[in-house]
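So you know, we letter chains A, B, ... as the sequences are listed, proteins then strands, and number each from 1. Being a predicted model, the structure only gives us computed values, none of them experimental. Just the heavy atoms: all of them, side chains too, but no hydrogens, waters or symmetry mates, feed the values below.
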Number of protein chains: 2
Amino acid sequence: MNLKTSTEKVKAQSGRETGRQAQKSASTRKIIVEAALSCLIRYGYANTTTPVIAREAGVSRGAMMHHFSNRLTVIQAAIEYLHEKRLKAFRRAVANLPKDQPQLHDGLKAYWKHVTHPLYVAFHELTVAARTDRDLARILGPAQEAFYDEWYRMAGELFPDWQKDPASLELAMDLVNTTLEGMAIRRLSLPENPGAEARLFKYLEACLAALKPAD
Amino acid sequence: MNLKTSTEKVKAQSGRETGRQAQKSASTRKIIVEAALSCLIRYGYANTTTPVIAREAGVSRGAMMHHFSNRLTVIQAAIEYLHEKRLKAFRRAVANLPKDQPQLHDGLKAYWKHVTHPLYVAFHELTVAARTDRDLARILGPAQEAFYDEWYRMAGELFPDWQKDPASLELAMDLVNTTLEGMAIRRLSLPENPGAEARLFKYLEACLAALKPAD
DNA sequence: CGTAAAAAACAATCGTGACTGTTTTTTATC
DNA sequence: GATAAAAAACAGTCACGATTGTTTTTTACG
């Protein structure tokens, strides 16, 4: 705002989506939302309070309350942000798989990478908290289901010939789902055991190969 | 304990293990501890506060604080109680299995019953909370490891001929562990899907049968 | 009568939402 | 184009409720 530029006139054109304060507002909101996710990961849901988030974001609590009227609103924004980010990252990973002949190994690894990502911890915190928090559950539930739906859909696209045997495919999906998420959650509370993890991973891969109908 | 017996005097002798007050004290402590577990299950760890526990137990908070000097002490007692109860229940279940020829199916079912028990939810709440609570982790960690150690030990006893192939046994244990716990945790946050659960369960059973060395 | 259990009262801290004031940007008017 | 009005971003403070741990009082048993 201190530099005079000829492009200043442009702002009036589009209305209010490109203005300076709109930009700044969006930027601050993003900072706050990412701070909220950091807090979920580092301090857990119960300790992700408004003062803690504001401190983590480096803004005053007043500023934060200006953008989000109450605590749950911040959480809601964080959930939406998280949901999009998870979907985007997962789509990217799937897109990078060799399309012509997708390998089970790579797909499995992609999901493993997904559930071992810090953001999954944030999601897990939210999930556990939602069990005893109706308001949170109302917000989280749809995102959760949408993600699984999308995941199932992508898997179907990735292995078209597997869809001839939907029961087998669904079983495989459920197996991957529960096992990898179980491993990821176990990691959070027990000392790591890379050897056991690797063996389990390898075994799971063999199971899938056996389940999958021959090409 | 409502009948006056000549054994009343005994209490003074041994100190304080048999008197009426001691009995009542123990009774109250048990009520409080069980109330704490109920709260964990119904309200989650963060909402398991001292007023809530006391209300659930039907005692005044002052009475509760008389028995447990602070909140974490109540939680600690609940963890010990829970640990013993889990071990006892699991030992009982294992003892009821046909000793001569233990069936994989029954063992699997026993563990499944274990992880779908409400007390497992309490344990899960504690586990998640411990991730971001050092004090809680210090208390919970040992119990957690002890339980798994005991579980592995019992499985080894139950399938002695499997111990000839320890790698295979450990893999099977890890598989059961992560998958069933993953299923149980998934249950807490997603709408139930009995069909999928049953198929997964059955598949898991087949995997174990294949892993197990022939008798 | 003395002691332990139970209840109640207490002070201190923390999180929340609402409120007030300040600065900066946008909009409107001449 | 300059200036006034409006709106938004931001900061700080306040009161309320809840939780925690401590202390004091009452009750009941031995």
A/Phe90 vs A/Glu150 side-chain heavy atoms within contact, under 4.5 Å: no
What one should report as the nearest heavy-atom pair of B/Thr178 and B/Leu175 is OG1-O, 3.4 Å
Measure centre to centre between the rings of B/Phe147 and B/His114, then say whether the value is under 6.0 Å. yes
Might you work through the salt bridge (Lys or Arg N to Asp or Glu O under 4.0 Å) test for B/Asp106 and B/Lys109, ending with a clear yes or no? CA-CA 5 Å; B/Asp106 297 323; B/Lys109 213 169 162 187; over 6 Å; no
Near DNA chain C, counting only heavy atoms under 4.0 Å, which residues of residues 39-51 of chain A show up? A/Thr49, A/Thr50, A/Pro51
Ring-face cation of A/Arg71 near A/Tyr45 (centre distance under 6.0 Å, axis angle within 45°): yes
Which heavy-atom pair separates B/Ala137 from B/Ala130 by the least distance, and what is that distance? CB-O, 3.6 Å
Taking only N and O in the side chain of A/Thr28, is any of them less than 4.0 Å away from OP1 or OP2 of D/dA9? no
Residues from residues 60-81 of chain A sitting under 4.0 Å of DNA chain C, heavy atoms only? A/Arg61, A/Asn70, A/Arg71
Using a 4.5 Å cut-off on heavy atoms from C-beta on, say whether the side chain of A/Ile75 contacts that of A/Leu140. no
When rounded to whole Å, the CD1 to C1' distance for the pair A/Ile53 and C/dG15 reads 12 Å
Taking A/Tyr81 as the fixed residue, which of A/Arg29, A/Glu34, A/Lys30 is the one that meets the side chain to side chain donor-acceptor pair (under 3.5 Å) rule? A/Glu34
For B/Arg29 and C/dA6, give me the distance from atom CZ to atom C1', rounded to whole Å. 15 Å
